[in-house]
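Only one structure is covered here, and it is reproduced in the block below.
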Protein chains: 2
Amino acid sequence: MDIHAVARLAHVSIATVSRTINHIPTVNPKMAKRVWEAIRELDYFPNTQARALVSGRSRLLGLIVSEITNPFFPELIQGFEEVAVENGYEILIGSTNYDPERMKSCIRRMVERNAEGVAVMTFGIEQPLLDQLTDRNIPLVFVDVAPNKPGMSVLCVDYHHGIRQGVQHLAALGHRNIGFVTGPLRLHSAQSRLAAFKKALLECGIPVNDRFIIEGDHTMEGGMAAAEQILEQKNVPTAIMCSNDMLAIGVLHKLSRSGLQVPGDVSIIGFDDIHMAEMMIPSLTSIQMSRSDLARAAVSALRTHLEGSSPRREFTIDTHLVVRESTGFPRGTMNRLRKLSTRRADLPAAPRQ
Amino acid sequence: MDIHAVARLAHVSIATVSRTINHIPTVNPKMAKRVWEAIRELDYFPNTQARALVSGRSRLLGLIVSEITNPFFPELIQGFEEVAVENGYEILIGSTNYDPERMKSCIRRMVERNAEGVAVMTFGIEQPLLDQLTDRNIPLVFVDVAPNKPGMSVLCVDYHHGIRQGVQHLAALGHRNIGFVTGPLRLHSAQSRLAAFKKALLECGIPVNDRFIIEGDHTMEGGMAAAEQILEQKNVPTAIMCSNDMLAIGVLHKLSRSGLQVPGDVSIIGFDDIHMAEMMIPSLTSIQMSRSDLARAAVSALRTHLEGSSPRREFTIDTHLVVRESTGFPRGTMNRLRKLSTRRADLPAAPRQ
DNA sequence: CCGGGAGCAGTAAACCTTTACCGAAAATGT
DNA sequence: ACATTTTCGGTAAAGGTTTACTGCTCCCGG
């Protein structure tokens, strides 16, 4: 069932079979036809390991994410795979579960399996580990982590734009007490989101209240815990932004459980705009960052590294607000705002209930 | 950076290096130490493709699922990977998106990359495709599909138990009009769930109303569409079971949007008990099937095939009801039932408001 | 009719590892 | 001290493919 069998059946040499399979144009169409027939006849599939071994090209792209059970990542993985396959690659998925030890084993797998390039979207990689990749000239793309090293691109996410939109949206509704539930703060992306939030508050002239900034962990349980922490305080913010949608869902759940209305008592904004956000009740206002743009940019960056010695490039991914039901006027200000507002069309839908 | 470099540095032959790496006991500890030091020094990683090529063992297990964006599957994948890694394997994920054409390419990848075994949890595989695997003696495990062929195990899921519990639960609450939103009916699992539902209705003496059985597609959008279809009818069932949680979430969303209370007006039961089910508002009553049991059984079945010529085995996976807030008394019967009931403790929580 | 070149198929080396087999050295027994 | 066994490291083949190089065939011009 190897290439020799095909060669025998087609009465050609294995070299011709190989050339046929790889669409090398110097092969005589008549022979090619014979070869393809033999391949079909035998149901022959080339052995990927042997090909990779001799050609030095594994046609494998690595993707290291935080955790596969956070729906954001499957949505990203799907896009990444799609683009990879379009370009003749397959993907190798690694998930760190936020654990540096697991990152180590992810890197190890990427190297062992000879990934030609690796995209990383979780926390940053420590120098000695990083070297395992760079020493082997494996190109890297980081999403939202910025180790200033040659040979790796960085995909910047413009968190600021989307988050500012979110804060402005809340401010326009009349919110002045806005909380924020962060992700794990050793994640650069979590840091950036928090920073963007603070900056946006300043821009809108809203004071930053550190007691309303809670460190979470990008899980629903973390969101519930954060909500609990917020509820323990004597006054509760009228709006809460979250570093991702999972947190927001946890917060939403916990608040509802505690008898608070969303958005009546508290407005909530998530981040990522996972598919599920739309299905929550109330549906979740969230800040979207395009998964497909991200995936496309990541693969594209890896490809430029692989194909030429093109210079390290930076891509920027946009974010923008998607308004749904989980944001509304804070209690008591609704009527006043209604009257004051001159731009009716811009008003978000009135709070449900 | 290959095995020769290590051999040179450690002043041994490549054979000794190889034996050291593979923990062959005949290697002298003193030499082994030298070798390990050299490996560490050089940061050497064995080349997986070369190993696989010569040993004939790729240490790769395939897993073909329906779609990666349905949270059930990431949860399954996580378990599968964990067990696979425990056993020294890595996994290769394929997703069909319910498309036979994609199944074809999944199989192709599995063969090309020399997966040692493949677990399939989506629809069944057509005979000619199946042959591509069986001809190469690649063991298969099907979850809930039953092609009676040697060399492959089947993991049966006892849908009946969990679904009967669900129907009994609804019946005990006083529901007599129960709808069902199916999955895509060419999926054997969707068929089985529907069959189990009908059987359970019979057992509980509840009539089957075909107009309340809607074909869905295991997505949230499908759930919304199904709900819409149900709402168009002149009388709406007081409870709806769904073939998976994504459907249930869609149904729940659509019903709420239409002003119906869950569970006040309609009770909902999902299937799979994805993590998110707990977070819905109201939280979703669902039927659980253990992902980790499933993963463990799948890997275990593949291993028995790989290691010995052990006979084809059948595993059965249990399902059971998890009661949450989305099921309650149908309107009007609550008080009557309250009075009649002798087992207060068993009563589910009163419908939220 | 012959020489030269184009076109194209075949041979063999190479990729990196595992492993069967061989042989040397050490250990054991007498 | 010698013979026999045990231990264990080294050599080389093998695994399936790609690809550089070789060389055959055929065609064309002179």
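Naming: A, B, ... by sequence-line order, numbering from 1 per chain. Scope of the values below: all heavy atoms of this structure, side chains included, with no hydrogens, waters or symmetry mates.
- Comparing Asn47(A) and His11(B) along DNA chain D, the residue whose closest nucleotide (by nearest heavy atom) sits nearer the 5' end is His11(B).
- To the nearest angstrom, C1' of dT19(D) lies 12 Å from CD1 of Ile3(A).
- You'll find the side chain of Tyr98(A) reaches within 4.5 Å of the side chain of Glu67(A), heavy atoms only.
- We find that Glu101(A) and Lys104(A) are joined by a salt bridge, their nearest charged nitrogen and carboxylate oxygen being less than 4.0 Å apart.
- The CG atom of Leu53(A) sits 10 Å away from the C1' atom of dT18(D) (whole-angstrom rounding).
- With Arg186(A) contributing its side chain and Phe123(A) its backbone, the two residues share no donor-acceptor pair below 3.5 Å.
- Remark: Glu90(B) does not engage Arg59(B) in a salt bridge, criterion side-chain N to carboxylate O under 4.0 Å.
- Of the residues in residues 12-32 of chain B, those placing a heavy atom less than 4.0 Å from an atom of DNA chain C are Ile14(B), Ala15(B), Ser18(B), Arg19(B), Asn22(B), in numerical order.
- Bracketed by its first and final contacts, the part of DNA chain C lying under 4.0 Å from non-hydrogen atoms of chain B reaches from dC16(C) to dA20(C) in 5' to 3' order.
- Partner of Val17(A) under the side-chain contact (heavy atoms from CB on, under 4.5 Å) criterion, out of Val6(A), Asp2(A), Leu9(A): Val6(A) alone.
- With Glu116(B) as the partner, the side-chain contact (heavy atoms from CB on, under 4.5 Å) test is satisfied by one option alone out of Leu302(B), Ile138(B), Leu306(B), Leu60(B): Leu306(B).
- Atom-to-atom, CZ of Phe45(A) to C1' of dT17(D) comes out at 17 Å; the value is rounded to the nearest Å.
- A cation-pi arrangement is present between Arg136(B) and Phe45(A), with the terminal nitrogen or guanidinium carbon under 6.0 Å from the aromatic centre and inside a 45° cone about the axis.
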Show your working on salt bridge (charged side-chain N to carboxylate O under 4.0 Å, His left out) between Arg296(A) and Glu86(A) and close with a plain yes or no.
CA-CA 10 Å; Arg296(A) 207 159 284 280; Glu86(A) 269 173 31; 3.5 Å; yes

